[in-house]
> 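Mind looking over this structure? Questions follow.
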Amino acid sequence: MTTYYYAVASQRFLLEEEPLDEVLKERRRYYHEQEKEIDFWLIKQPAFLAAPELASVNENCPKPSAAVVSTDKVFITWLKLRLEYIATGEFEVPLTSVNDPLSSLAAA
């Protein structure tokens, strides 16, 4: 099983009100310099929130939502400290109703 950590909030907050794009660009640059593989993803309307195991998180998150998902717990903890008004948590894959932890419910 793989554990994924997430930081979730409304799309408006993450994508418009906060400089998340700058944060993720800096993180990508750092990973490139360290020759480290990318282990974080930005997902609009993340499908994992539809899993029964995360129903309470889904109910309390403003819609439409967006999430940064990572296998690095420290990065998500740092995002929580940096952005404050986000929910964080973790889940293990496979979830009962979601096969792909990085899938989106947003229309393509």
Side-chain angles (χ1 to χ4, degrees):
M1 289 191 127
T2 302
T3 302
Y4 288 87
Y5 304 91
Y6 63 85
V8 65
S10 72
Q11 281 186 32
R12 181 171 183 238
F13 179 76
L14 280 181
L15 304 178
E16 296 173 24
E17 295 177 19
E18 288 293 326
L20 185 63
D21 59 333
E22 293 174 25
V23 170
L24 296 180
K25 283 179 188 176
E26 175 59 27
R27 188 76 172 176
R28 279 192 300 272
R29 183 192 63 75
Y30 172 76
Y31 274 38
H32 180 72
E33 289 175 357
Q34 301 300 314
E35 297 181 0
K36 184 176 177 184
E37 188 175 325
I38 298 294
D39 63 358
F40 61 91
W41 304 269
L42 174 63
I43 306 167
K44 292 181 181 177
Q45 295 180 253
F48 70 84
L49 288 178
E53 300 93 331
L54 297 171
S56 63
V57 176
N58 191 28
E59 289 173 12
N60 294 317
C61 186
K63 306 295 186 282
S65 61
V68 176
V69 178
S70 178
T71 56
D72 183 349
K73 183 178 183 175
V74 173
F75 176 53
I76 297 301
T77 301
W78 180 84
L79 270 181
K80 174 65 175 165
L81 295 172
R82 170 74 174 77
L83 301 177
E84 272 187 74
Y85 303 110
I86 60 175
T88 59
E90 65 185 73
F91 61 91
E92 289 187 337
V93 173
L95 290 167
T96 54
S97 61
V98 178
N99 294 330
D100 181 2
L102 306 177
S103 64
S104 170
L105 299 176

> Check this for me: Lys80, atom NZ, are more than 12 non-hydrogen atoms of other residues, nucleotides or ligands nearer than 6.0 Å?
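Yes, NZ of Lys80 has more than 12 neighbouring heavy atoms, counting only those of other groups under 6.0 Å.
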> Under a 4.5 Å cut-off applied to non-hydrogen side-chain atoms, are Thr77 and Thr88 in contact?
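A side-chain contact under 4.5 Å is absent here.
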> Are Trp41 and Leu49 in one and the same hydrophobic cluster, where Ile, Leu, Val, Met, Phe, Trp and Tyr link if side-chain heavy atoms are under 4.5 Å apart?
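Per the 4.5 Å side-chain linkage, Trp41 and Leu49 are co-clustered.
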> Crowded around Arg28 CZ? As in, over 12 foreign heavy atoms under 6.0 Å?
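More than 12 within 6.0 Å, yes.
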> Say whether Leu102 and Leu14 are linked into one hydrophobic cluster, either directly or through other cluster members, by side-chain heavy-atom distances under 4.5 angstrom.
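Result: no, two separate clusters.
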> Just list the side-chain donor-acceptor pairs under 3.5 Å for residues 64-72, sequence neighbours left out, or say none.
residue: Ser70; atom: OG; partner: Asp39; partner atom: O; Å: 2.8
residue: Ser70; atom: OG; partner: Asp72; partner atom: N; Å: 2.9
residue: Asp72; atom: OD1; partner: Val74; partner atom: N; Å: 3.0
residue: Asp72; atom: OD1; partner: Phe75; partner atom: N; Å: 3.3
residue: Asp72; atom: OD2; partner: Arg27; partner atom: NH2; Å: 3.1

> Rounded to the nearest 0.5 Å, how far does CG of Asp21 lie from CG of Leu42?
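Nearest 0.5 Å value for the CG-CG distance: 9.5 Å.
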> To the nearest 0.5 Å, tell me how far Ile43 CD1 sits from Asp100 CG.
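Spacing of CD1 (Ile43) from CG (Asp100) equals 8.0 Å.
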> State, with a plain yes or no, whether a side-chain heavy atom of Arg82 is found less than 4.5 Å away from one of Pro19.
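Arg82 reaches Pro19 side chain to side chain.
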> Can you tell me how far apart NZ (Lys73) and OH (Tyr5) are? Round to the nearest 0.5 Å.
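So the gap between those two atoms works out to 5.5 Å.
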> Are Lys25 and Glu22 within salt-bridge range, i.e. N to O under 4.0 Å?
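No, no charged N to carboxylate O under 4.0 Å.
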> Between Lys44 (side chain only) and Leu105 (backbone N and O only), is there a donor and an acceptor less than 3.5 Å apart?
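Not at all, since once roles are kept as given, no pair shorter than 3.5 Å links the two residues.
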> Verify the neighbour count for atom OH of Tyr85: are there more than 12 heavy atoms of other residues, nucleotides or ligands below 6.0 Å?
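No, the 6.0 Å shell around OH holds no more than 12 heavy atoms from other groups.
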> With side chains defined as the heavy atoms from C-beta onward, is the minimum distance between Leu54 and Tyr6 less than 4.5 Å?
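Counting from C-beta outward, Leu54 and Tyr6 do come under 4.5 Å.
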> Are Val8 and Phe13 in one and the same hydrophobic cluster, where Ile, Leu, Val, Met, Phe, Trp and Tyr link if side-chain heavy atoms are under 4.5 Å apart?
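They do not share one cluster, since no chain of ILVMFWY contacts under 4.5 Å joins Val8 to Phe13.
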> For residues Gln45 and Lys63, determine if any side-chain heavy atom of one lies less than 4.5 Å from a side-chain heavy atom of the other.
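Contact flag for Gln45/Lys63 side chains = no.
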> Side chains of Val93 and Thr3: closer than 4.5 Å at any heavy-atom pair?
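Result no, sub-4.5 Å side-chain heavy-atom pair not found.
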> Ring pair (Phe, Tyr, Trp, His ring centres under 6.0 Å) with Phe91: which residues, sequence neighbours excluded?
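Tyr4, Phe48.
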> Is there a continuous path of hydrophobic side-chain contacts, each under 4.5 Å between heavy atoms, that joins Tyr30 to Trp78?
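Yes; Trp78 is reachable from Tyr30 via cluster members.
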> Decide if atom CD of Glu33 counts as having more than 12 heavy atoms of other residues, nucleotides or ligands within a radius under 6.0 Å.
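Correct, the count exceeds 12.
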> Starting at CZ of Phe40, measure out to CG of Leu79 and round the result to the nearest 0.5 Å.
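Taking CZ in Phe40 and CG in Leu79, the distance rounds to 9.5 Å.
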> What is the distance from atom CZ of Arg12 to atom CD of Glu17, rounded to the nearest 0.5 Å?
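These two atoms lie 4.5 Å from each other.
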